[in-house]
Amino acid sequence: MAAQILDGKAMAQAIQQELAEQTAEYIQNTATVPTLAAVLAGDDPASDVYVRNKRKDCERVGMESVLHRLPAETSEDDLLALIAKLNKDQAVHGILVQLPLPKGIREQRILQAISPNKDVDAFHPENVGRLVQGRPRFVPCTPYGVQQLLIRCGIETAGKHAVVIGRSDIVGKPMAILLSARGAGGDATVTICHSRTADLAAHTRQADILVVAAGRPKMVTADMVKPGAVVVDVGIHRTEQGLVGDVDFDSVREVAGYITPVPGGVGPLTRAMLLLNTLTAARESLA
Ligand code: GUN
């Protein structure tokens, strides 16, 4: 029997609806509008689309977004000056610096400059540390979206074996932390696999829950998946056959119990979690 599709798009719409209501209430109570400042440096076309969509989402739920566009030849100091200004601006609750940054700009230096209280991507070392210690201020958007998908679809994670392919700071590492943390959507036993893992398929075939954030089109094939497993595809690639994920959807859906599509799986949930973090930042700014 083919896998059940985990419809991230529909779930993201439901979450946006909840956030729209909570945002309206926040505005009514505080007379301020939760505001996201988006910083887009350079002219990466994919980043352009991502930022445009994030801003549209803000508008849809009644939040404000302000775009700061900088040329590709922006210096590190210019970018740091802008971040310092946004950190101080009380009308700005969340700051998002879209990655990747233009060549020559040290990403770590920029991300560390964002106030941890406005760091809605949760990339600042303080927020990473808090997440690791199980007392997050913000949760990184993509792993947060995956965890919400599992929770809201009623997929049990406690005691399960979760395998994460990918060890990036944005997805793989925080995903493993969340799945192994105490509580809902956690309590799993987690294996992290990566480009240097020997016999990847031997690991993935053990997975009750397989989260793929490898950055390689269709790399997970049916023979790598345990029958009935939950397969979550974080990848997205523009190919001649259209958008595809890191999972070979057509073959894996015949083996898996549940699977996320690309597009319409994890992507929309990532965006919904950014809105949730922005509302959290606005609420915390009053505390
Ligand atoms: N580029 C790719 N993914 C992300 C993300 O989650 N946040 C930011 N700021 N940039 C990205």
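One-based numbering along the sequence shown. Each ligand, and each atom within it, is numbered from 1 in the order the structure gives. These figures come from a predicted structure and were not determined experimentally.
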Can you confirm whether the side chains of Arg106 and Gln108 place a donor and an acceptor under 3.5 Å from each other? no

Could you list each nitrogen or oxygen of ligand 1 that sits under 3.5 Å from a protein nitrogen or oxygen, with the atom names and the distance?
unit_1: ligand 1; atom_1: 1 (N); unit_2: Gln98; atom_2: NE2; d: 3.3
unit_1: ligand 1; atom_1: 1 (N); unit_2: Leu99; atom_2: O; d: 3.0
unit_1: ligand 1; atom_1: 7 (N); unit_2: Asp121; atom_2: OD1; d: 3.2
unit_1: ligand 1; atom_1: 7 (N); unit_2: Asp121; atom_2: OD2; d: 3.4
unit_1: ligand 1; atom_1: 9 (N); unit_2: Val97; atom_2: O; d: 2.9
unit_1: ligand 1; atom_1: 9 (N); unit_2: Asp121; atom_2: OD2; d: 2.7
unit_1: ligand 1; atom_1: 10 (N); unit_2: Gln98; atom_2: NE2; d: 3.4
unit_1: ligand 1; atom_1: 10 (N); unit_2: Leu99; atom_2: N; d: 3.0

As a quick check of understanding, evaluate salt bridge (Lys or Arg N to Asp or Glu O under 4.0 Å) for Lys218 and Asp250, giving each step before the final call. CA-CA 10 Å; Lys218 296 190 179 186; Asp250 291 336; 5.8 Å; no

Between His93 and Asn117, is there a side-chain donor-acceptor contact under 3.5 Å, judged purely by atom types and distance? no

Extract all donor-acceptor atom pairs below 3.5 Å that involve side chains of residues 267-279 and protein atoms in other chains or at least two apart in sequence.
unit_1: Thr270; atom_1: OG1; unit_2: Thr142; atom_2: OG1; d: 3.1
unit_1: Thr270; atom_1: OG1; unit_2: Val266; atom_2: O; d: 3.3
unit_1: Arg271; atom_1: NE; unit_2: Asp57; atom_2: OD2; d: 2.7
unit_1: Arg271; atom_1: NH2; unit_2: Asp57; atom_2: OD1; d: 2.8
unit_1: Arg271; atom_1: NH2; unit_2: Asp57; atom_2: OD2; d: 3.3
unit_1: Asn277; atom_1: ND2; unit_2: Val120; atom_2: O; d: 2.9
unit_1: Asn277; atom_1: ND2; unit_2: Val139; atom_2: O; d: 2.9
unit_1: Thr278; atom_1: OG1; unit_2: Leu274; atom_2: O; d: 2.8

Connected-component partners of Leu40 among ILVMFWY, side-chain separation under 4.5 Å: Val51, Leu67

Name each donor-acceptor pair under 3.5 Å that joins a side chain in residues 148-159 to protein atoms two or more places apart or in another chain, with its distance.
unit_1: Gln148; atom_1: OE1; unit_2: Arg152; atom_2: NE; d: 3.1
unit_1: Arg152; atom_1: NH1; unit_2: Glu18; atom_2: OE2; d: 3.0
unit_1: Arg152; atom_1: NH2; unit_2: Glu18; atom_2: OE1; d: 3.2
unit_1: Glu156; atom_1: OE2; unit_2: Ala158; atom_2: N; d: 3.0
unit_1: Thr157; atom_1: OG1; unit_2: Gly186; atom_2: N; d: 3.1
unit_1: Thr157; atom_1: OG1; unit_2: Gly186; atom_2: O; d: 2.8

